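See structure below.
Computed from a prediction, not measured in an experiment: that's the story for all the values here.
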Amino acid sequence: DACMQRDIHMLYYGTGCIFHYDDDHPIGGKGFTEDDKPNFTGSYYSHTKAIVENLLKEYPNVLTLRVRMPIVADMLYPRNFITKIIKYE
């Protein structure tokens, strides 16, 4: 609310761990869009993240980034999101 009242953009780092493949979204199928509702609540973590995303989508000043890979200081860590982006060809 504080950002909205001050007309400040808010960036939320979320997770992709709120979706799982199902009959509507098979592996290799159409994938998920920003309009899809979270369909995985198999862990407390995913359940609470899905709740937060549903609340934040009501704010037009919020951009949600769903990060599936860790962002760490070690640039040699092979799963580091930043390392993968830098080396992307």
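Between the side chain of T83 and the backbone N or O of M75, at least one donor-acceptor pair lies under 3.5 Å. Remark: side-chain polar atoms of N80 are not paired, donor with acceptor, to backbone N or O of A73 under 3.5 angstrom. At least one donor-acceptor pair closer than 3.5 Å links the side chain of H9 to the backbone N or O of N61. In this structure, the side chain of S46 does not engage the main chain of G42 through any donor-acceptor pair within 3.5 Å.
Taking CG of L56 as the reference point, atom CD of E58 lies at 9.5 Å (rounded to 0.5 Å). Rounded to the nearest 0.5 angstrom, Q5 CD and I8 CD1 are separated by 10.0 Å.
A salt bridge between R66 and E53 is present, with a side-chain N of the basic residue lying under 4.0 Å from a carboxylate O of the acidic one.
Both M4 and V52 are part of a single hydrophobic cluster, where members link through side-chain heavy atoms under 4.5 Å apart. A single hydrophobic cluster is not seen to contain both I51 and Y12; linkage of ILVMFWY side chains at heavy-atom distances under 4.5 Å, directly or through other members, places them apart. F40 and F32 are members of different hydrophobic clusters when ILVMFWY side chains are connected at heavy-atom separations under 4.5 Å. In the hydrophobic clustering of ILVMFWY residues, with side-chain heavy atoms under 4.5 Å counting as a link, I82 and V72 come out apart. L63 and Y13 end up in the same hydrophobic cluster when Ile, Leu, Val, Met, Phe, Trp and Tyr side chains are linked at under 4.5 Å.
Other residues, nucleotides and ligands contribute more than 12 heavy atoms inside 6.0 Å of the CG atom of D22. More than 12 heavy atoms of other shown residues, nucleotides or ligands fall within 6.0 angstrom of atom NE2 in H20.
Listed here is the closest heavy atom pair of P78 and K84: O-CE, 3.3 Å. Contact record, Y45 with C17: CE2-CB, 4.3 Å, taken as the closest heavy-atom pair. Summarising the geometry of N39 relative to H25, their closest heavy-atom pair is ND2-ND1, 4.5 Å, with the distance given to 0.1 Å. Heavy-atom minimum distance, A50 versus I18: N-CG2, 3.8 Å.
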